[in-house]
Amino acid sequence: MKVATWNVNSIRARLERVVPWLEAVRPDVLLMQESKVTDEQFPREAIEALGYQLATHGQRTYNGVAVLARAPIEVLSRGYADGGDDSEARFLDARVGGVRFLCAYVPNGKEIGSPHWEKKLAWLDRLRGYLEARCTTAEPIVLGGDLNVAPEAADVANPDAWASSVLFHPEAREALARVTRWGLVDAFRLRHPEPGLYSWWDYRMLAFPKNDGLRIDHLLVTPPVVPRVREASIDRNARKGKQPSDHAPVLLELDP
DNA sequence: ATGGTTGCTTAGCAA
């Protein structure tokens with residue numbers, strides 16, 4: 001079973017990159033972030049024509065998450081439904097073929113100390129709360145998405161420079177670590193202990209050609225999934241060429 | 001170097 005996560009930075013702007021990628025890679029499940037479109041305006045037909053089923057949780061202009069799968073999708077929750085502010089479409093919980101997929105788009109945080117930053121930290125704490133309230137570590141779960149945090153120095157091209165940014169600040173790393181400590185394992189790291197593998201490069205400052213990147217897109221799994229992780233990869237080719245997303249897809253191959 | 005680029009929506013915001 002091939003599982004992927006990809007922040008596409010607008011599905012409508014990216015359709016001509018996403019469709020050929022799905023045809024070539026054929027993931028069984030794709031967790032998508034930043035669709036930037038309402039559920040009504042999502043280009044479903046182009047996806048369904050490839051044999052995918054689709055569960056969307058979108059909104060106008062910003063955010064938006066979706067689960068694509070080559071098998072039926074059972075939606076368990078759109079948003080956290082925890083009584084808090086669910087106005088931003090950043091979370092989708094769905095079951096596909098006996099595995100539970102939590103698709104998350106963590107707020108960027110913009111700038112340390114800003115209201116966006118406080119919201120980012122609070123959102124990660126809500127994610128931890130959702131795991132505690134709605135999930136167990138005994139079930140097979142894949143929590144995937146653009147988590148907008150690089151966990152370790154090995155995940156950042158220039159750790160000293162990025163330590164003051166919202167993507168690699170110690171408080172952001174600690175907030176993500178609180179989520180992971182609930183009982184999740186970084187499945188990519190399991191198969192790739194080496195440093196220097198990134199999933200996002202800024203569009204600006206020639207970041208991709210200079211490989212000034214960060215690994216901020218993750219697939220975290222519960223203990224029952226750990227022995228099933230056969231391979232992990234980042235598809236850098238998807239970041240190349242014409243009109244790419246600023247994120248590359250991250251992939252896992254899971255044994256049955 | 002407070003720059004640079006992209007997308008949505010149309011000038012300003014978010015990333």
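Only this structure's heavy atoms are used, side chains among them; waters, hydrogens and symmetry mates stay out.
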Query - A:Arg215 to A:Tyr198 six-membered ring, cation-pi geometry met (6.0 Å, 45°) - result: no
Query raised in the report: Are A:Arg126 and A:Tyr80 in a cation-pi setup, meaning NZ or CZ lies under 6.0 angstrom from the ring centre and within 45 degrees of the ring axis?
Result: no
Requested in this report: Check A:Met32, A:Arg17, A:His247 against A:Val8 for a side-chain contact (heavy atoms from CB on, under 4.5 Å) and give me the one that passes.
Outcome: A:Met32
Length of the line joining [X]:[atom1] and [N]:[atom2], which is rounded to integer Å:
{"X": "A:Gln59", "N": "B:dC13", "atom1": "CD", "atom2": "C1'", "answer": "14 Å"}
{"X": "A:Asp212", "N": "B:dA1", "atom1": "CG", "atom2": "P", "answer": "16 Å"}
{"X": "A:Lys36", "N": "B:dG7", "atom1": "NZ", "atom2": "P", "answer": "8 Å"}
{"X": "A:Lys242", "N": "B:dT6", "atom1": "NZ", "atom2": "P", "answer": "13 Å"}
{"X": "A:Arg14", "N": "B:dT6", "atom1": "CZ", "atom2": "C1'", "answer": "8 Å"}
{"X": "A:His247", "N": "B:dT5", "atom1": "NE2", "atom2": "C1'", "answer": "13 Å"}
{"X": "A:Arg90", "N": "B:dA15", "atom1": "CZ", "atom2": "C1'", "answer": "10 Å"}
{"X": "A:Asp146", "N": "B:dG7", "atom1": "CG", "atom2": "P", "answer": "16 Å"}

Requested in this report: Tell me what A:Arg239 touches on the nucleic acid: a base, only sugar-phosphate, or nothing, going by heavy atoms under 4.0 Å.
Outcome: nothing
Requested in this report: Determine the interatomic distance between C1' on B:dG3 and the same-named atom on B:dA15; round to the nearest Å.
Outcome: 16 Å
Requested in this report: Can you tell me, in whole Å, how much space there is between the P of B:dG4 and that of B:dC8?
Outcome: 22 Å
Query raised in the report: Under 6.0 Å between the ring centres of A:His169 and A:Trp117?
Result: yes
Report task. Taking the six-membered ring for Trp and the full ring for Phe, Tyr or His, determine whether the centres of A:Tyr203 and A:Phe208 are under 6.0 Å apart. Result -> no
Do [X] and [Y] have a side chain donor and acceptor closer than 3.5 Å?
{"X": "A:Tyr52", "Y": "A:Asp28", "result": "no"}
{"X": "A:Asn211", "Y": "A:Arg236", "result": "yes"}
{"X": "A:Asp217", "Y": "A:Ser199", "result": "yes"}

Requested in this report: Under 4.0 Å from any atom of DNA chain B, heavy atoms only: list the residues of residues 103-122 of chain A that qualify, in numerical order.
Outcome: A:Tyr105, A:Asn108, A:Lys110, A:His116
Report task. Would you jot down, in residue-number order, the residues of residues 197-209 of chain A having a non-hydrogen atom under 4.0 Å from DNA chain B? Result -> A:Tyr203, A:Arg204, A:Met205
Requested in this report: Would you kindly compare A:Ala13 and A:Asn148 by the position of their nearest DNA chain B nucleotide and give the one closer to the 5′ end?
Outcome: A:Ala13
Query - 5'-most by nearest nucleotide on DNA chain B - A:Gln243 or A:Glu88 - result: A:Gln243
Requested in this report: Give a yes/no answer on whether the side chain of A:Arg12 brings an N or O atom under 4.0 Å of OP1 or OP2 in B:dT6.
Outcome: no
Query raised in the report: Ignoring hydrogens and geometry, is there a side-chain-to-backbone donor-acceptor pair from A:Thr222 to A:Glu139 under 3.5 Å?
Result: yes
